[in-house]
Structure formats: C-alpha cells, structure tokens
Amino acid sequence: MRTAPISTPVDGAFVHPVRTDDDLAAFHRWMDCRHIIAVDTETSGLSFQAEARLIQVSDATAAWVFDAQRHPLVVDELANGEFTMICHNAAFDAIVLGRLLADYHGEGLPYPPVVLGREVENLMSRMIDTQVLAHLVDPRPKEDGGRGHALKVLADHYLGAGSVDSQDALKVRFRELGISAKDGFAEVPIWDEVYVRYSGVDPILTFRLYEVLAPMVDELGLTKLAAFEQEVATVCAAMTARGIRVDLDHARATLAHLAEERVAAEREASIYGVHNVHSPAQVAEALLVRGVELTERTEAGAWKMDKAVLSGIDDPVARAVQKAKAASKAASSWITPLIEQAEVDGRVHARVRTVGARTGRMSVHGPGLQQLPTTDWRVRRCLVPDEWQSIVLCDYNQLEPRVIAYLADEQNLITAFRDGVDVYSAIAERLYGVGFPTEKRALAKQALLAKIYQAGPKRLAAQTGVTEVVATQTMNAFDRAYPRLARWSKRLIETCKFNGQVVTTASGRRLPVTRGTEYRAVNHLTQATAADIFKGSIVNLARAGHAERLLMVVHDELVLQADEQVAGEFGEIVTDVMSGVLGEVPISALAKVAGPSWGHPYMPVEFVNA
DNA sequence: TGTGCACGCGCG
DNA sequence: AAAGCGCGCGTGCACA
C-alpha cells in the first residue's frame, strides 16, 4: 500500500510521506543511483538537543518525508552513501542526523563528545550548504541593504517571486490546531498534512536554489572559496557537536555572588529614586534632579546614559547604577545562559555561523561565546576542559594591523613587523621620536586602530582622553609617518565611489560596497582578509589532524584542549600551523597554557594558587 | 502575547 | 565634507 502523495503550491512538486513498506520501496527505487539530493530535518525546537521529528529528502520536484525516530536505516544510508547532500544551514541538519546516528548506534544521552563529533564531521563533509553559497554570492544582511540568507528570501529572489514560506504556513497551521507558535514544532502531529507538505517544500526549494547558485559560484570564481568554506564549516560543526564542559558548581556560586552584588547596588540606587537601573530615562532623571549636568544625547534624542557617560560622572547614583548594571549584565548575559544552555551532558554546544558577518568573519551564538568578558574572570572560569585535559589558547599577534600593512604595502609598518619589535611602540617612536613618553604608546595604538576602522579624530579623542586638537594632530602625523597607508585608503575609497560595487579579497571573497559608506571598504577588506587567514589556520589545523582539540574560535584566537602533560608542546604545534607570511609581512601567533579553565589566564595571581 | 526598535555592552 | 568596523544578546518600551 502506497500512501497518497501530497500536492504543494510549488509548481510540479509533490511530497511523499514514507509510512509503509511500499512507500519505502518506492523511495529506494527513486534514490537508486542518485548522486545529489537535498536533505532537511524538522525538530521540536532549535536547541542542540531538540528532538528530531522529520527527515526530508528531495530533488527539485519530489520530496520524501520520514518519521525521524522510525527510520534508522535511512539515516544510516544518508551517512554512508556516495551522494552529495544539499542543505540550507547544513551544520544544523548534520548535528540532528549525527545525534540520530549516535542513538541508533546505542550511544544514548549523553553522547560521548568525540563519537558525536565524528558522526557530524562525516555527514558535513558530504554536504553543500546553500546558505554559504548564497553568502559568497552576496554577503549583505537584510539590515544592510542586502537580502539576508533565509531560504524564503533567497527562493523569492533566485527562483522567482511568490515562493512559499513554510514558516508562515506552519504558523497559521499551529494556530488552527490551537498550539502556540513556540511549541508548534514540538507538538504538531508528525503526519499532519500541512506540516508534511511544508516540510517537504523546503528541501525542494533548497535543491532548486542550489541549481541556480552553483553556476553563479563558478562564474564568479568562487569555486575554491566555496570548497574552503565547506572545510571550515565541517570543523566547526563537529566542534559544536562536541561542545565545551561547564563547571556548573562554579557557575551557580558565581550567579549567587552576582545576585548579592546587584541587590546591594540596586538598594543604593533606589535611595536616590532609581528603581530600575536599566531605564536610561529614569537614571538621567535622577541625575538631573541631583544637579548633574548632562551633555550627550542618543541617536533618538534621549539623554545618553552609557558606561562612558556614567563613568565620567562623580556621583553616588552613577556609581551605584554602573555596579548594578555590571552585575546584572554578567548574570543575565553570560552565567545564566551558560547554566540554562548546558545540555544533559553538562556541556554548552554553541553554534557557529561560519559566514556570520558580511566580511566572512564567523559568529557564535547559543550561547555567544565570542563575547565573554575578559575583565570578570569568573565568567570564562565556568568553561573547563575534559578530564586530564588542559585549556590552550592560541592567538594571532596584531593580525589586522599586519593585514592592513600588507594591503597598503606600507613599508614603514612592514619593517617594524619584520624586525619583530613592539609595533605600537615603533609607531609612537615615529610620531614622537626616540624616548617618547610611555603614555603615547596607547595613543599610537588607537591611532592605528582608527585607521583600520576609519574612525576620525573625534572618536580617537573620546577613546583616549586627549583633546580633539591633539587627536587631529596625531592622525595627521600618522598619515605623514605612514604615507602609503594613507594613500592606499584614500585611493580605495575613491575607486569605490567612482566605480565600486564590490571589492574582492585575494581569496575572491566579494565585499559589496554600499553607496555613501564607501569608507567602510577599508575595514571590510582588512577584516575579511584577516578572517580568511584565520579560517586558513582552522583548515590547516584539521589537515594536521588536530581539529578534535578545538573548543572555540574567537576571530583571531583558537581555544583548544590538550593532554595536561603535553599542553605546552601542543600550543607550539598549533602556533606553528597558524604562523606564516603575508607577502613580506610575518604572521605570528602566541600560545598560552590556561590550564584548568578558560578563565585562568584572566585571574589575578592571588586566585590562581587558591 | 508577540514583535520590532532603541539602547546598552561584551568581544575581536 | 565627514564617517568606528564586525558581531550576539539583554532590558525597556511602544504598538499591534
């Protein structure tokens, strides 16, 4: 008995539920000799351990839909087949399928991290991600004049307007069934016709999207870059699957301390009438009442009440508000997410968007491990290595300054890098002469960063505390001391204004130029080139056979774990992999053995031995 | 109740 | 003529 196919709003496309032996036989006849298919999964939610509900396999017109919990052999076939799998956001599906495989192989929760990582790596290595391809063709997010990279908008654009939105259709269906939008994906009956229809439509659109994007990728000269991104994504998906162990005892104890700190500071603030420290309007009001002069306004015209403003106000209200906000920030932005997002295995499995930024930089979320504070060591202290392992941190030395020196062919900077001297001191020396006052080093450093970010004197002044006049003099002196850098930036911006729609990095990565903000191209080119170098180190680490040691990536830093006894040597191996040259510019990295937690290098000495 | 914007703040 | 780039994510607040 065959189950009746379900029609779809997509032209010529049908969805075949696989519920009987005859359905399965028909699927196998369809699959025979295929070398490329689209794969998608539906889950009960978006968290790492969300339950798999449906698995969909398709070409451009036919989708086959499986009950994920009832078809172990299909998952095995996907994992061990010879075909390529097209997915939209492949890491998500690879992890869902990898967890199913671990289940079927009798691993059960919690999965051994390395086993799960290998399943995911194997699956990922045979997937092509249309989200990545779309990003390479046009990396602009919605908020930045682009389309973003959601399946729906990409289908609309590349396959013709009016494509169906499965998410919207499903939300309507959830409402019909009387289920909240939040719980819909967990509670909608597996064989609900609407659910199955739209679950099948997604891989069909993904397959069609691939057929359009693949030739574009080739025509734009992005074939090699796409393969490179694929390797990066494979390493990062396996890293997510393995996760990082959380010291939950330490996390809970820290949370309690932070609550005490917050309560004490809030009590202090409430004496002065501030009952909500997170309401800038209320804080401003309380300060004005106390006769404090406010000058800065926000974009929307309200009184600016950020850290920079508050720290410049000598008043108990400002101090109490800052203290309360700091404690609350640490608790709700980091410690609580670490506790809540730790899975049954006691680990966080942060996801990596390998093409997260429009520059090709990666971003991490769920939780956002790239933003953990460096000043409050208690937060990173919550993340610990596996048994008998030691955390090792390896980061590039001044990667972006080296990159911009290379791009601009600025010999006056390149010389400093080649000589291996402290580059910020070298800049200060060029600006202020031998024996410059030590505090000038920080100004010189910020001046270089200002060139990288295309900041002006106003910003440099605010950042460093010098007057705007001094900041202007500094920037001018910088341009005289590094004339090739100044000329390169100026020419790049002019070229972009004249005929620039897109600039490309050496890897071929496309960086669209937005009219009116052509100056950003200087930063985009620098940041994107640095991102390519960083990703190269990940690929090389994998090729050297050490990818399984990777715990997290933070823009120019690799967080790894290694056997305690060899952690120091391992750090050297990794920094060797990371190091190299960019033209004449040496690219170097430094390893640090952190030991029992990611937070240890950030602790004051008296804590380390305690 | 859910959503989007403004603001703030952490990182590189 | 002048321009601080790139993210994730929490709270407050207005509005559907």
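Near-neighbour residues of DNA chain B inside residues 303-322 of chain A, defined by a heavy atom below 4.0 Å, number-ordered: A/K304, A/M305, A/D306, A/K307. Listed by residue number, there are no residues of residues 466-481 of chain A with a heavy-atom contact under 4.0 Å to DNA chain B. Residues of residues 138-148 of chain A having a heavy atom closer than 4.0 Å to DNA chain B: none are found.
At a threshold of 4.0 Å, the pair A/R378-A/E261 counts as salt-bridged, since one of the basic side-chain nitrogens sits closer than that to a carboxylate oxygen. Look at A/D479 and A/K451 and you find a salt bridge, because one of the NZ, NE, NH1 or NH2 atoms lies within 4.0 Å of a carboxylate O, short of that distance. Contact check on A/K535 versus A/E229 returns a salt bridge, with a Lys/Arg side-chain nitrogen under 4.0 Å from an Asp/Glu carboxylate oxygen. Using a cut-off of 4.0 Å between Lys/Arg side-chain N and Asp/Glu carboxylate O, A/D314 and A/R319 are scored as salt-bridged.
No engagement by A/V522 is indicated, since no non-hydrogen atom pair under 4.0 Å with the nucleic acid exists. Residue contacts for A/L399: at a heavy-atom cut-off of 4.0 Å it reaches no nucleic acid atom on any strand shown. Nucleic acid contact class of A/T517 (heavy atoms, under 4.0 Å, all strands): none. Across all strands, A/Q454 comes closer than 4.0 Å only to sugar-phosphate atoms, never to a base (heavy-atom distances).
For A/V577 against A/L541, the heavy-atom pair with the smallest separation is CG1-N, 3.7 Å.
A search for side-chain hydrogen bond (donor to acceptor under 3.5 Å, both in side chains) contacts involving A/D409 returns A/Q411, not counting sequence neighbours.
In this structure, NZ of A/K325 is placed 13 Å from P of B/dC7, rounded to the nearest angstrom. Here the C1' atom of nucleotide B/dC9 and the CD atom of A/Q370 are 16 Å apart, to the nearest Å. For A/L372 and C/dC7, the CG to C1' distance is 13 Å, given to the nearest whole Å.
No donor-acceptor contact under 3.5 Å links the side chain of A/R358 to the base of C/dG6. Between the base of C/dC7 and the side chain of A/Q371 there is a donor-acceptor pair shorter than 3.5 Å.
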Going 5' to 3' through nucleotides 10-16 of chain C, assign each nucleotide B (protein heavy atom under 4.0 Å from a base atom), S (under 4.0 Å only from sugar-phosphate atoms) or - (no protein heavy atom that close). SSSS---
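Contact annotation: A/R351 side-chain N/O to C/dG8 OP1/OP2 distance is not under 4.0 Å. Listed pair A/T359 / C/dG6 fails the phosphate criterion, with no side-chain N or O lying under 4.0 Å from OP1 or OP2. Considering only side-chain N and O atoms, A/Y396 lies nowhere under 4.0 angstrom from the phosphate OP1 or OP2 of B/dG12.
Ring-plane geometry between A/Y195 and A/F185 is classed as perpendicular, the angle between the planes exceeding 60 degrees on a 0 to 90 degree scale with a lower cut at 30. Below 30°, between 30° and 60°, or above 60°: for A/H135 and A/H149 the angle between ring planes is between 30° and 60°, a tilted geometry.
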Which nucleotides of DNA chain C pair, in dot-bracket form (Watson-Crick or G-U under 3.5 Å, | meaning another strand): ....||||||||||||
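The nearest heavy atom of DNA chain C to A/R520 and to A/K458 marks one nucleotide each, and the one closer to the 5' end goes with A/K458.
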